[in-house]
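So the structure is just underneath, and the comments pick up after that.
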Amino acid sequence: MKRRGIGFDHNHTTHNPGYRRLAVRGFYQYPALIFFLAVFLSSCASSPLLKARTDYLQAQELERSLRQEEATAFYKKSREEASAIINKKPTAEAYLLKGLAEVNLNLWAEAENSFRLAAALGEDKALAWAEELRLYGLARSFEAQGWTETSSRLYDILADKGKYQPVVRAAVGQLVDLKLQARPETEANSPASQKEKSKTLSEALKIVERAVESEPACGYYHYLLAQVLAHQKDYRESLEESVMAKELGLPSEKINRDNDLQIVFCYEQLAKILSGEELTAFQISYNNWVKKWKWLNETTPAWKRS
Amino acid sequence: MEEKKLQAFLKQSAEILQDFFPADALALIPLLYSTLIWAVKRKGNLEAEVSGLRLWLEPEVVDNKPDEFILDFFEKQQALQEAFKAEIKSRDMKSLRPAFRALYPVVGLEEPFLQSLFSEELAREDFRLIADQFDWKLKQALEEIKAAEKKPELWKALKKIGESFMSLGWAWLSDDELRAWLKSILGMERQGEEEEE
């Protein structure tokens with residue numbers, strides 16, 4: 001995949017407009033899920049379900065505005081309201097809404113159960129989602145037991161064939177992190193190990209590039225891409241991808257901070273490598289971002305106080 | 001005067017939370033500190049901030065960083081550099097990598113809950129101790145929160161504390177000032193100073 005820069009090498013101070021357009025267009029590229037949600041949510045006519053639905057939509061709205069923590073509270077509220085409805089009279093719609101909220105709260109096992117019950121009550125779509133969640137949960141438990149090859153295989157299947165976006169994103173993240181895992185020190189410097197490492201990094205790069213192509217406006221994928229590129233010591237591209245991730249928005253404060261530190265790291269590496277006019281141009285460009293983000297200086301994000 | 005009011009408020013808040021935790025709980029002060037920090041930082045829905053704290057502890061960032069990133073992290077801060085001098089010099093990644101896994105969220109990402117949990121060690125700049133004790137101390141604190149969560153009033157109490165805090169006007173302080181005050185009054189810095197004395 002050919003990545004496009006955002007201006008560190010051409011003295012530009014804004015995003016490449018072509019990429020931005022592509023990214024914005026990509027934002028609307030999961031119509032099936034959105035359409036399904038709209039139809040499903042608008043069909044919830046009864047009052048308590050309407051309240052649960054409204055809170056779910058409010059959470060999504062907050063998420064789009066990058067107010068992740070507030071969104072979490074609304075997902076919790078929506079889940080509680082759906083549970084209350086289920087306690088009175090279980091319906092497919094209520095279970096589906098509960099499952100959707102649970103996915104957003106990282107309650108994978110509970111979401112799988114809710115989707116299964118929704119499917120049992122007639123919601124066909126929910127069965128496929130439950131299967132994907134089950135596979136993801138299985139992969140996580142294999143990973144926790146140290147069965148990395150098996151878990152990688154499952155993440156790979158989900159990343160490649162998965163249809164349910166939250167599961168696909170989580171699987172891509174886990175798969176990439178596993179690929180980036182350091183080899184044992186004893187064999188790290190052998191030529192065979194170096195070759196293997198380079199092969200693994202290429203595989204990781206392909207996985208993330210594929211994900212970025214499918215969802216160009218997903219900040220999390222650009223964050224993952226930046227991480228892989230840093231392993232390949234491609235600091236310029238890694239910096240550009242981190243900036244892109246920051247601008248598109250990241251799913252949590254923790255990832256946002258990690259991404260900021262990645263930006264700082266790449267900036268410092270490039271400042272060491274570059275010289276003369278190239279360095280001056282780079283610093284001017286970089287400082288425009290620093291100013292935009294209201295950082296204290298080139299290496300101190302606003303949240304960093306020490 | 002303001003400091004005395006804040007002191008009284010924190011004392012009262014800690015007393016409320018003591019009902020949810022055992023006497024020697026590790027999690028109490030970190031939970032109080034991070035609740036107040038998030039309340040002021042975002043100036044938004046407090047329940048959301050508290051929920052955010054819970055998610056904040058989920059593993060979600062890419063943990064596997066390149067060697068250069070890890071070395072840069074240890075070399076950047078003088079105290080860290082001093083503590084791991086030998087390992088940095090010999091590029092002993094086998095030792096540095098696990099230490100990084102513990103220290104990066106505390107010192108790098110500045111996660112408020114972890115900063116408070118390891119406040120004594122941070123005040124003494126005892127980074128090796130943080131690395132050694134990270135797993136068990138975090139596990140214990142999370143188990144305490146999990147046990148306290150069984151009483152649904154916990155999150156309500158935290159919400160109330162945060163709301164009272166906002167209504168008393170300290171949200172007007174800068175982040176830096178507030179953090180310094182809270183740390184000092186909650187004993188997060190004093191312990192280190194006492195050690196030095």
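A note on names: the letters A, B, ... follow the listed sequences, proteins ahead of strands, and every chain is numbered from 1. In this text the structure is predicted, and so the values were computed from the model without any measurement.
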ask   = Got A:Q227 and B:F69 here, is their nearest side-chain heavy-atom distance under 4.5 Å?
value = no

task = Measure the CD-CD distance between A:E268 and B:E68 for me, rounded to the nearest 0.5 Å.
result = 14.0 Å

key: Region of B:Y104 that comes under 4.5 Å of a non-hydrogen atom in chain A   = side chain

ask   = Relative to chain B, which segment of A:V264 carries a heavy atom at a distance below 4.5 Å: side chain, backbone, both, or neither?
value = side chain

request  = Indicate yes or no: does A:K233 engage B:D67 in a salt bridge with an N to O separation below 4.0 Å.
outcome  = no

inquiry  = Check this for me, if you would: do A:R257 and B:E110 make a salt bridge, where the nitrogen-to-carboxylate-oxygen distance has to be below 4.0 angstrom?
reply    = no

message = Which heavy atom of B:D72 sits nearest to which heavy atom of A:F265, and what is that distance?
response = OD2-CD1, 3.6 Å

query = Out of curiosity, B:D63 CG to A:L180 CG, how far, rounded to the nearest 0.5 Å?
reply = 10.5 Å

message = Donor-acceptor check, side chain of B:N64 to backbone of A:L178, threshold 3.5 angstrom: yes or no?
response = no

inquiry  = Please report the interatomic distance CG(B:L109) to NZ(A:K304), rounded to the nearest 0.5 Å.
reply    = 7.5 Å

message = Are the side chains of B:K65 and A:D258 in contact, using a 4.5 Å heavy-atom criterion?
response = yes

request  = Under 4.5 Å heavy-atom distance to chain B, tell me which part of A:Q269 shows up: side chain, backbone, both or neither.
outcome  = side chain

request  = Let me know if B:K76 has heavy atoms under 4.5 Å from chain A in its side chain, its backbone, both or neither.
outcome  = side chain

message = Using the rule given for side chain to side chain contact (heavy atoms under 4.5 Å, CB included), can you reason through A:Y223 versus B:V61, listing the C-alpha separation, both sets of side-chain angles and the distance that settles it, and then say yes or no?
response = CA-CA 9 Å; A:Y223 158 80; B:V61 299; 3.4 Å; yes

